[in-house]
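Following: one structure in structure tokens, then a few remarks.
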Amino acid sequence: MSSNIFSQYLQKENIFKNKNCLTASFVPGKIRHREQEIQQLSAVLAPVLKGYYPNNVFIYGTCGTGKTISARFVASQLMSISSENKQKIKIIYVNCKMKKIADTEYRIVAQLLKELGEHVPDTGLPTNVLYRKFFERVEKIGCTVIIMLDEIDTLIKKVGDEFLYNFTRINQEMKNSHITIVGITNDLTLRNNFDLRVKSSLSEEEILFKPYNATQLKDILMERVSQGFMPNTVDDTALNKCAALAAQEHGDARRALDLLRVAGEMAERMAVMVVTENHVDMAEQKIDIDRVTETIKAQPMQSQAVLYSIIKVAEKLKSQKTWTDKRIFTGDVFENYISICEKNGIKPLTQRRVSDLIGELDMLSIIAAKVISKGRGGRTREIILMITGNILERVTGFLIDRFEE
DNA sequence: AGTCCACAGGAAGGGCAGGCGA
DNA sequence: TCGCCTGCCCTTCCTGTGGACT
């Protein structure tokens, strides 16, 4: 018998067959309940195979409705048939939500260039130089380049829609190549907010992804279970629970998969060979806690200090009797933030900047901040902490470690 | 109807780290 | 090496504003 501390892990019976199948990034051989949408998208892109330029296309749909996976599936199918026919097509996928990678105009063009095999510095070059390099590169390749921009709404909210115009405009100047944009977004109203100039130059097609219902979600899960888990290791009640919980959250398949995978991990850790409803309940809690704490840990220190200040103000106000006295306003948060900075020897930011940080925390759904008027009391933001219970406890613990010695 | 509060949030510019070309 | 450029984060300055109060 080996005495290696990991040998026990290796000897344990396995509940998973292939855990990768249970992640949202896994692209299965067949996408269930999205046949129509896939058909629509491939119809838009298919002309490229006959040497025509495909239209730009925007894919709309809420979180976890299969937009990304369908787009990637179509991309992989397109790539394989085009290589069979020896046609040159290049498809680049970029997630615009990736912080420090694709969240500004400069970074998105830099990322596209990297995908085309050209190294560019993180800073220092004028953006127009980057554009030029990109178009030269595309022209040199001499083919249709399909750019898939996932979560494009995040980028547009941050830097505007001008960059879309730049991409489309350049098509008029290229002789050998063409750029087609596939925008993927959770924001169903995105198109209405486009600049008129962008709207007309894009002249894009639209595909809408509707949320899955519980039956469809269960179907999807069953398929993944057969690929990802060993036989007879997932109880039917567990599957139903995953599907039901995810259906409640606007038919989010990603959520359903996460629940199932984490429930499996829970069972494995407890050395149980069957995943049950209880494991799903535990998984639900764990996912929420992990998601929020990871987000907060990834924030810059000043942002964490602002959040800590909000939590402390909320705690102080807890003892107030009336509901109106329990409300949190920017002024209180800033005052408290200053004292946290003083205690920790941090140089405090200005109220203007803190106001922006509050806005960013709002974007992350950690707080909800609404601009209100208190009449003579002035205009301010009313802030509500959106995290509660175990999650709040965990987050507070982390922030206390950080800001109280 | 006018005043006034406490900010929101836009605009401009400074400082910094980093790249480019001469 | 140096001057000049960039993006990013931040400050400073400023105007705008909803609604309670006078």
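Everything quoted here is computed from the prediction, not taken from an experiment. In what follows, chains carry the letters A, B, and so on, assigned in the order in which the sequence lines appear, proteins first and then strands, with residues in each chain numbered from 1.
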Fill in the blank from the handout: When rounded to whole Å, the CD to P distance for the pair A/Glu382 and B/dA8 reads 13 Å

Exercise for the section: Considering just the side-chain nitrogens and oxygens of A/Thr350, establish if one lies under 4.0 Å of OP1 or OP2 belonging to C/dT11. Expected result: yes

Practice task
Please check the phosphate of C/dC10 (OP1 and OP2 only) for any side-chain N or O of A/Arg353 closer than 4.0 Å.
Solution key: yes

Fill in the blank from the handout: Sorted by position of nearest nucleotide on DNA chain B, 5' first, the leading residue of A/Gly331 and A/Arg352 is A/Gly331

Practice task
Tell me whether the OP1 or OP2 atom of B/dC5 has a side-chain N or O from A/Ser373 closer than 4.0 Å.
Solution key: no

Practice task
Take the protein atom NZ of A/Lys370 and the nucleotide atom C1' of B/dA8, then report the distance between them rounded to whole Å.
Solution key: 15 Å

Handout entry: Geometric class of the A/Phe134/A/Phe167 ring pair [parallel <30°, tilted 30-60°, perpendicular >60°]
Key = perpendicular

Practice task
Using whole Å, report how far CG of A/Leu357 lies from P of C/dT11.
Solution key: 9 Å

Exercise for the section: Starting from P on B/dC7, measure out to CZ on A/Phe329 and report it in whole angstrom. Expected result: 10 Å

Practice task
Kindly indicate whether the side chain of A/Gln111, heavy atoms from C-beta on, has any atom under 4.5 Å from the side chain of A/Ile108.
Solution key: no

Handout entry: Sugar-phosphate only, base, or nothing, as touched by A/Gln351 at under 4.0 Å among non-hydrogen atoms
Key = sugar-phosphate

Practice task
Starting from C1' on B/dA6, measure out to CD on A/Glu335 and report it in whole angstrom.
Solution key: 13 Å

Exercise for the section: Using atom OH of A/Tyr106 as one end and atom P of B/dA17 as the other, report the distance to the nearest whole Å. Expected result: 17 Å

Problem - Check: A/Tyr212 and A/His33 side chains under 4.5 Å, non-hydrogen atoms - result: yes

Completion exercise
From CG of A/Asp356 across to C1' of C/dT12 the rounded distance in Å is 13 Å

Problem - Any A/Thr330 side-chain nitrogen or oxygen under 4.0 Å from OP1 or OP2 of B/dA8 - result: yes

Completion exercise
When rounded to whole Å, the NZ to C1' distance for the pair A/Lys374 and B/dC4 reads 14 Å

Exercise for the section: Mind listing the closest non-hydrogen atom pair of A/Arg224 and A/Thr23 along with its distance? Expected result: NH1-O, 3.5 Å

Practice task
Could you check whether the rings of A/Tyr308 and A/Phe403 sit parallel, tilted or perpendicular, using 30° and 60° as the cut-offs?
Solution key: parallel

Practice task
Could you check which of B/dG9, C/dG7, C/dA20 has an atom nearest any side-chain atom of A/Arg376?
Solution key: C/dA20

